[in-house]
Protein chains: 2
Amino acid sequence: MNPIQKQDTEIQNELYAKFFHGLSNPTRFRIVEILLDGEKTVSELVDMLSVTQGQVSNHLACLKWCGYVSSKQDGKYVIYRMTDERVRTIVQLAKEMVSDNAAHISQCTRM
Amino acid sequence: MNPIQKQDTEIQNELYAKFFHGLSNPTRFRIVEILLDGEKTVSELVDMLSVTQGQVSNHLACLKWCGYVSSKQDGKYVIYRMTDERVRTIVQLAKEMVSDNAAHISQCTRM
DNA sequence: ATCATATATTTAGATATATAAATATATGTA
DNA sequence: TACATATATTTATATATCTAAATATATGAT
């Protein structure tokens with residue numbers, strides 16, 4: 001593998017890592033779960049999430065850039081929804097794995 | 001939903017988030033990719049990864065606690081391998097999604 | 001135009017994570 | 001036992017991320 005290809009691979013890995021980073025925060029994960037159940041406005045999410053509106057908007061921006069969600073203006077509201085059904089499968093598989101490994105994960109202190 | 005149930009949900013979300021955190025680092029993601037192709041010793045991974053041996057061991061410890069990999073001693077070597085085939089599907093779906101959204105993700109500066 | 005509400009962005013400070021180096025432990029071999 | 005190699009752990013530091021608050025922008029209503 002030549003240096004240029006190696007660099008490409010590293011850039012790709014950073015993209016994949018960044019993608020998973022989208023789901024690596026409890027609030028963002030919860031937002032994804034909620035939106036998998038149906039579209040919501042920012043206000044509705046704020047009501048459901050016990051975090052500030054600013055945080056919700058920031059998390060949504062993160063999820064949007066990562067391709068998880070998309071948004072549309074609806075009057076003075078902005079409605080967010082899942083962009084891609086593949087996320088449903090990813091989340092479902094992860095939940096299954098976690099429930100099989102919950103004891104271990106809860107003890108994870110590294111990194 | 002009563003407070004106790006709510007707390008359970010939050011703990012669950014933290015577990016799921018921690019699980020995805022396992023894949024949210026380029027080196028760890030690369031390790032998972034390599035191990036999906038077959039088991040490897042720590043030394044072999046160090047040779048493939050241009051990071052220090054200490055880092056590789058730490059990343060492996062993280063992946064192990066999160067349930068991605070398991071290890072077995074083999075003489076003075078320790079062999080790591082994927083624990084769960086469901087990871088293969090998760091990684092594959094993520095790659096597909098990323099390739100459909102690469103332009104967006106690379107621009108993501110938030111969080 | 002002014003105001004109220006919804007959403008987005010920015011800022012500073014706190015916390016978590018990553019990195020590299022040093023050190024410790026464990027296994028096999030002479 | 002002493003030594004070499006493989007792996008794990010710890011430490012200090014750098015970097016990234018999260019949180020909360022403040023502020024900015026955008027939309028609809030009066």
Side-chain angles (χ1 to χ4, degrees), chain A residues 10 13-31 34-35 39-66 69-81 105-111, chain B residues 10 13-31 34-35 39-66 69-81 105-111:
Chain A
E10 280 168 12
N13 284 339
E14 280 168 22
L15 276 181
Y16 298 139
K18 196 168 268 194
F19 176 82
F20 282 114
H21 177 73
L23 297 173
S24 74
N25 171 279
T27 301
R28 284 196 299 273
F29 183 84
R30 181 78 186 116
I31 290 173
I34 291 170
L35 295 183
E39 60 184 26
K40 293 278 181 296
T41 68
V42 178
S43 308
E44 289 171 328
L45 289 170
V46 171
D47 289 343
M48 299 170 85
L49 284 171
S50 66
V51 293
T52 66
Q53 176 271 316
Q55 276 182 80
V56 171
S57 284
N58 271 323
H59 284 311
L60 286 167
C62 176
L63 289 170
K64 190 175 182 178
W65 282 119
C66 286
V69 306
S70 56
S71 64
K72 62 180 177 191
Q73 190 92 29
D74 179 36
K76 63 179 175 178
Y77 296 91
V78 176
I79 300 175
Y80 281 82
R81 61 169 175 151
I105 296 171
S106 61
Q107 293 173 53
C108 179
T109 57
R110 309 248 186 138
M111 267 153 233
Chain B
E10 280 169 12
N13 284 338
E14 281 168 23
L15 276 182
Y16 299 139
K18 196 168 271 196
F19 176 82
F20 282 113
H21 177 73
L23 296 174
S24 74
N25 170 280
T27 300
R28 284 196 299 273
F29 183 84
R30 181 76 187 117
I31 289 173
I34 291 170
L35 295 183
E39 62 184 24
K40 293 277 182 296
T41 68
V42 178
S43 307
E44 287 171 330
L45 289 170
V46 171
D47 289 344
M48 298 170 87
L49 285 171
S50 65
V51 293
T52 66
Q53 176 269 318
Q55 275 182 82
V56 172
S57 284
N58 270 323
H59 284 310
L60 285 168
C62 177
L63 290 170
K64 191 175 181 178
W65 283 118
C66 285
V69 306
S70 55
S71 64
K72 62 180 176 191
Q73 189 91 29
D74 179 37
K76 62 180 176 178
Y77 296 92
V78 176
I79 300 176
Y80 281 82
R81 61 170 175 152
I105 296 173
S106 60
Q107 293 173 54
C108 179
T109 57
R110 310 252 186 136
M111 269 154 230

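Letters go in sequence order (proteins before strands), and every chain restarts at 1. Side chains are part of it too, since the values below use all heavy atoms of this structure and drop only hydrogens, waters and symmetry mates.
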Between [options], which nucleotide has the shortest distance from any of its atoms to the side chain of [X]?
X       : options               : answer
A/Arg28 : C/dA6, D/dA6, D/dC18  : D/dC18
B/Val78 : C/dT9, D/dT27, D/dA8  : D/dA8
A/Asn58 : C/dT10, D/dT9, C/dA18 : C/dT10
B/Thr52 : C/dT27, C/dA20, D/dT9 : C/dA20
B/Lys76 : D/dT7, D/dT19, D/dT5  : D/dT5
A/His21 : D/dT7, D/dA6, D/dC18  : D/dC18
B/Val42 : D/dT10, D/dT5, D/dA8  : D/dA8

Rounded to whole Å, please give me the gap between [atom1] in [X] and [atom2] in [N].
X       : N      : atom1 : atom2 : value
B/Lys40 : D/dT7  : NZ    : C1'   : 18 Å
B/Lys72 : D/dT7  : NZ    : P     : 14 Å
B/Tyr80 : D/dT7  : OH    : P     : 9 Å
B/Asp47 : D/dT5  : CG    : P     : 14 Å
B/Leu60 : D/dT7  : CG    : P     : 10 Å
A/Tyr77 : C/dA6  : OH    : P     : 5 Å
B/Phe20 : D/dT17 : CZ    : C1'   : 19 Å
B/Gln73 : C/dG28 : CD    : C1'   : 11 Å

request  = Name the nucleic acid region contacted by A/Thr27, choosing base, sugar-phosphate or nothing; use a 4.0 angstrom heavy-atom cut-off, strictly under.
outcome  =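 Answer is nothing: A/Thr27 stays at 4.0 Å or more from every strand.
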
task = Might you point out which heavy atoms bring A/Cys66 and A/Lys18 nearest each other, and give the distance in Å?
result =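 Minimum heavy-atom contact is SG-O, 3.8 Å.
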
request  = Might you point out which heavy atoms bring B/His21 and B/Arg28 nearest each other, and give the distance in Å?
outcome  =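 So the two residues come closest at O-NH2, 3.0 Å.
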
task = Indicate yes or no: at least one non-hydrogen side-chain atom of A/Val69 is less than 4.5 angstrom from one of A/Lys64.
result =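 Yes; the side chains approach each other to less than 4.5 Å.
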
query = Is the closest side-chain heavy-atom distance between B/Tyr16 and A/Leu23 below 4.5 Å?
reply =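 With C-beta onward as the side chain, the pair stays apart.
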
inquiry  = Quick check: any donor-acceptor pair below 3.5 Å linking the side-chain of A/Asn25 to the base of D/dT19?
reply    =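 Result: no qualifying N/O pair found.
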
message = If you go through the side-chain atoms of B/Gln53, does one of them form a donor-acceptor pair with the base of D/dA8 closer than 3.5 Å?
response =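 Yes, the side chain and the base share a sub-3.5 Å donor-acceptor pair.
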
query = Phosphate oxygens OP1/OP2 of C/dT19: is one of them under 4.0 Å from a side-chain N or O of B/His59?
reply =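 B/His59 to C/dT19 OP1/OP2: side-chain N or O found under 4.0 Å.
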
key: Pairwise 5' ranking along DNA chain D for B/Val56 and A/Gly75, keeping only the more 5' one   =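 Its nearest nucleotide lies further toward 5', so the answer is B/Val56.
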
query = Relative to the ring of B/Phe20, is the ring of A/Phe20 parallel (under 30°), tilted (30 to 60°) or perpendicular (over 60°)?
reply =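 Correct class here is parallel.
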
